[in-house]
Number of protein chains: 2
Amino acid sequence: MTAPAHGQEVVPKFRGPATTAPLGVELSERETPVHPDTRRRAPAAHVTLDAVAREAGVSLATASRALNGTTRVRDDLRGRVRAAADLLGYIPNAHAQALASAEGNRTVGLICHDVGDPYFAGIAGGVMRAAAEQDLLVMLASTFREPAREIAYVSMLRAQRARAILLIGSGFQDRAWERAMDAELEPYVRAGGRVAVVSRHRSMRVDTVQPENRAGAAALAASLVALGHRDFAVLSGPPELTTVADRLAGFREGLAAAGITLRRVVQGAFTREGGHAAARQLLAAGDARPTCVFAVTDVMAVGALAALREAGVRVPEDMSLAGFDDIPVVREVSPPLTTVALPLTEMGEQVIALALRTPSRAGRSRVLRIEGNVVLRGSTGAPPGS
Amino acid sequence: MTAPAHGQEVVPKFRGPATTAPLGVELSERETPVHPDTRRRAPAAHVTLDAVAREAGVSLATASRALNGTTRVRDDLRGRVRAAADLLGYIPNAHAQALASAEGNRTVGLICHDVGDPYFAGIAGGVMRAAAEQDLLVMLASTFREPAREIAYVSMLRAQRARAILLIGSGFQDRAWERAMDAELEPYVRAGGRVAVVSRHRSMRVDTVQPENRAGAAALAASLVALGHRDFAVLSGPPELTTVADRLAGFREGLAAAGITLRRVVQGAFTREGGHAAARQLLAAGDARPTCVFAVTDVMAVGALAALREAGVRVPEDMSLAGFDDIPVVREVSPPLTTVALPLTEMGEQVIALALRTPSRAGRSRVLRIEGNVVLRGSTGAPPGS
DNA sequence: GCGCTTTCAGAAAGCGCTTTCTGGTAAGGT
DNA sequence: ACCTTACCAGAAAGCGCTTTCTGAAAGCGC
């Protein structure tokens, strides 16, 4: 969902009345009233509890208790401490708190491939909503699909002693990566860290929110067969992603149940451009075109739709097209895309809930299966000539 | 971009071969090989540097130096420390490190209204890419447009001693809020914290990446006038957002330059639904329809486009429609939307660069102006009957 | 061989908090 | 009036690191 790819764009020379300097140029530096303390090179340190206690004329311990309300503190003292804290703009140092107190800190880590991808954005939104309700801060990292970066992030989150680490998106089917990831996660879990994932590799023994990719794809296949289609192609993603493998397998199963064999699989990147390229490749092949195409994700389907339109293939009259995930954009395109709907926001809420819930029993991991619903929209119809 | 709103959807009863339990039901608990240490109720604590030092038979100080490479350590000792650290799966406690060492920690805070909104997702993506290059962890928070939550997050980030706090999106034009925000930010900045914003309120004296909303909207207006339009309406957002005010004012200016007065402003929420509702409201009004509508954000424009389609209004034949931002989805809809393009990813990269760069001079704040480019696409054309 | 610098490991002092532990004072019991 | 209890403020001990400071051992010129 990055490049133009279709539709003519006209960028007029005209710039309007208030044309400005080219991007990247600093236009102004504004003078700000400077606090006397600020002028010195070394910035004033953060206000500490010690300063608050001194200001209030009480001991450190009393100040701490007054602010946290852990133990009863005489009202007048508490008042003085509160006032002093306000006056000085005191904020406790979370690092010191985390160090000193037994209870873990209030951050959870969330690792996804790309926040820009609506699939991840949807899940991340759910995680954040749930986190906000519990006063948790979310540390979000994008791996940009680099396995090494993912492991590096887990390591950083471990260092932060994040209360939980959430991994969103397919794991890499790569022995070395799996081992490295395990090596990071095992000591973390052993030390009481919580891990939960959305659709990871099966070998990972952690709490999982697992979309029913296989069943969903099979159900979609059955629905498409019911529309009259017999001749299918799949636009697939990187086969090392478990999600891709599952959806492909499920789609094959669904077809097989009707005695149909999948004719063609074209592989592309897991992006809009990947879907676009895969669709072009499919069309370029000389042989007879399938009547129906399934792209393993909506993001790819959107790219494919653009490619079909550019090639003059009408959807669904000449060819039906379906995706998977039900990201918001599929309702905006024309025709709106048939897909398998996943409750993304809810999945995000579930995965953080899973992670935060007290472990059910030592050594047990839970799997929460999320059913996908086939949603038929305008992009699918009866095959041509029927 | 959440509700169905258009297009008929058919959810077939058919569920496919592998129908599963309803969402929310735990299907399985898998047995995991349990490490002996894990069985006890209290989880084994995290491995500490002390443990590593003892394992390696050196002092704490030496272990620290060996791992950080701050000072020369005899090769054999260093080797032993490294080996011990690996063996035990040691990860330094970032909190302790932050507390002990003068140099700030490696996290930056990013506060936006909603990660699910493509505008913010685009900018956040840029921030994360830049952060990744510098080994920084991003703490991302969504305010869901609640001013109180925004302030609470700043407070949390202050507590975390985040190296920088990035605020994305319009500030609230509300005196109380401004004062509260200032009260949070002032001590943070005074203590050496860095703050940078994308398009905030003018009163905030911090480094700013400022899209040229006014000029962009004016340029857009001029372009639309050039197409022949004389009769305009604007679908506006909450007027207390500075971005809205600027774009509306700029659009008015652009029209005024051609001697045209804006006929109608309909206000809606800053979401797809807001745009949808505003467009409906516009159409419902009995008086003559404008020939061209400007929605102050693309997200609203997408909603408006759906509303127009539902009402049978053809775009651009009956009515032209334009937005602002150039989020990815506007290229996917039909017709693709005319808009003012903002380099979202780059803006994200710029804002974090601005924050991390050493302050130019005490008490100076920089403003980096980002020019928007008018991009004419299929959603705009000549007015009907011309 | 003596005093010098240089190198580098270990001891110890914090960083800013929380949480015992300790002890002083006021209230209550006999 | 004396002793127990209860209550609550302050002292002090860490949490897990980094970074002085200290001092032992080694290298060097004379």
Side-chain angles (χ1 to χ4, degrees), chain A residues 42-82 84-85 88-106 156 158-161 187 191-192, chain B residues 42-82 84-85 88-106 156 158-161 187 191-192:
Chain A
H46 286 276
V47 177
T48 68
L49 183 58
D50 191 66
V52 173
R54 201 151 26 208
E55 172 79 23
V58 300
S59 74
L60 199 61
T62 303
S64 171
R65 286 187 284 240
L67 260 19
N68 298 319
T70 38
T71 318
R72 268 216 68 70
V73 173
R74 221 168 55 210
D75 285 355
D76 59 325
L77 292 191
R78 182 152 33 92
R80 263 164 43 206
V81 171
R82 292 256 171 86
L88 300 175
Y90 169 73
I91 289 281
N93 183 324
H95 297 303
Q97 285 186 315
L99 245 198
S101 71
E103 68 167 288
N105 63 7
R106 306 212 58 82
M156 290 180 82
R158 272 224 287 156
Q160 296 286 339
R161 301 296 187 261
Chain B
H46 286 278
V47 177
T48 68
L49 184 58
D50 191 68
V52 173
R54 201 153 25 208
E55 171 80 23
V58 300
S59 75
L60 200 60
T62 303
S64 171
R65 287 187 284 242
L67 259 18
N68 298 319
T70 39
T71 319
R72 266 217 69 71
V73 172
R74 222 169 54 212
D75 285 355
D76 58 327
L77 291 192
R78 182 153 32 92
R80 267 173 27 214
V81 172
R82 292 256 171 86
L88 300 175
Y90 169 73
I91 290 280
N93 183 324
H95 297 303
Q97 284 186 316
L99 203 52
S101 71
E103 69 167 286
N105 63 6
R106 306 211 59 81
M156 290 180 81
R158 272 224 287 155
Q160 296 287 340
R161 301 294 186 264

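As a basis for the values below, the full set of heavy atoms in this structure was taken, side chains included, without hydrogen atoms, waters or symmetry mates. Naming: A, B, ... by sequence-line order, numbering from 1 per chain. Computed from a predicted structure; not experimentally measured.
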Student check: side-chain heavy atoms of [X] and [Y] closer than 4.5 Å:
X	Y	value
A/L99	A/H95	no
A/N93	A/H46	no
A/I91	B/R161	yes
A/L49	A/L67	yes

Find the distance [X]:[atom1] to [N]:[atom2] and express it as a whole number of Å.
X	N	atom1	atom2	result
B/R80	C/dA9	CZ	C1'	11 Å
B/L88	D/dG16	CG	C1'	15 Å
A/R78	D/dG10	CZ	P	15 Å
B/N68	D/dT20	CG	P	13 Å
A/H95	D/dG16	NE2	P	16 Å
A/L99	C/dT18	CG	P	11 Å
A/D75	D/dC7	CG	P	15 Å
A/R54	C/dC17	CZ	P	12 Å

(message) If you take any heavy atom closer than 4.0 Å to DNA chain D, which residues from residues 59-67 of chain B end up in contact?
(response)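 Going residue by residue through residues 59-67 of chain B, the ones with a heavy atom under 4.0 Å of DNA chain D turn out to be B/L60, B/A61, B/S64, B/R65.
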What closest approach, in Å, do [X] and [Y] show between heavy atoms, and which atom pair accounts for it?
X	Y	value
A/Q97	A/P92	NE2-CB, 3.6 Å
A/R82	A/A66	NH2-O, 3.5 Å
B/R80	B/G57	NH2-O, 3.5 Å
A/V47	A/Y90	O-CD1, 3.4 Å
A/A84	A/E55	CB-CG, 3.5 Å
B/R158	A/G89	NH1-O, 3.5 Å

(request) Among D/dT18, C/dG16, D/dA9, find the nucleotide with the atom closest to the side chain of A/L77. (result)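 So the side chain of A/L77 is nearest to D/dA9.
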(request) Between C/dC17, C/dT18, D/dA9, spot the one nearest the side chain of A/R74, thanks. (result)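 Out of C/dC17, C/dT18, D/dA9, the nucleotide with an atom closest to A/R74's side chain is D/dA9.
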Identify each atom pair where a protein N or O and an N or O of nucleotides 23-25 of chain D are less than 3.5 Å apart, giving names and distance.
none

Look at [X] and [N] and indicate whether a side-chain polar atom (N or O) is within less than 4.0 Å of OP1 or OP2.
X	N	answer
A/R72	D/dC7	no
B/N93	D/dC15	no
B/Q97	D/dC17	no

(message) Set out, in order, the CA-CA distance, both residues' side-chain angles and the distance that settles side chain to side chain contact (heavy atoms under 4.5 Å, CB included) for B/V81 and B/R78, then state yes or no.
(response) CA-CA 5 Å; B/V81 172; B/R78 182 153 32 92; 5.8 Å; no
(message) Could you measure the distance from the CG atom of A/D50 to the OG atom of A/S64? Nearest 0.5 Å is fine.
(response)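 So the CG of A/D50 and the OG of A/S64 are separated by 12.0 Å.
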(request) Would you work out how much the helix from C/dG1-D/dC30 to C/dT30-D/dA1 bends between its ends, with each end axis defined by five base pairs, to 10 degrees? (result)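 It works out to 50° between the end axes.
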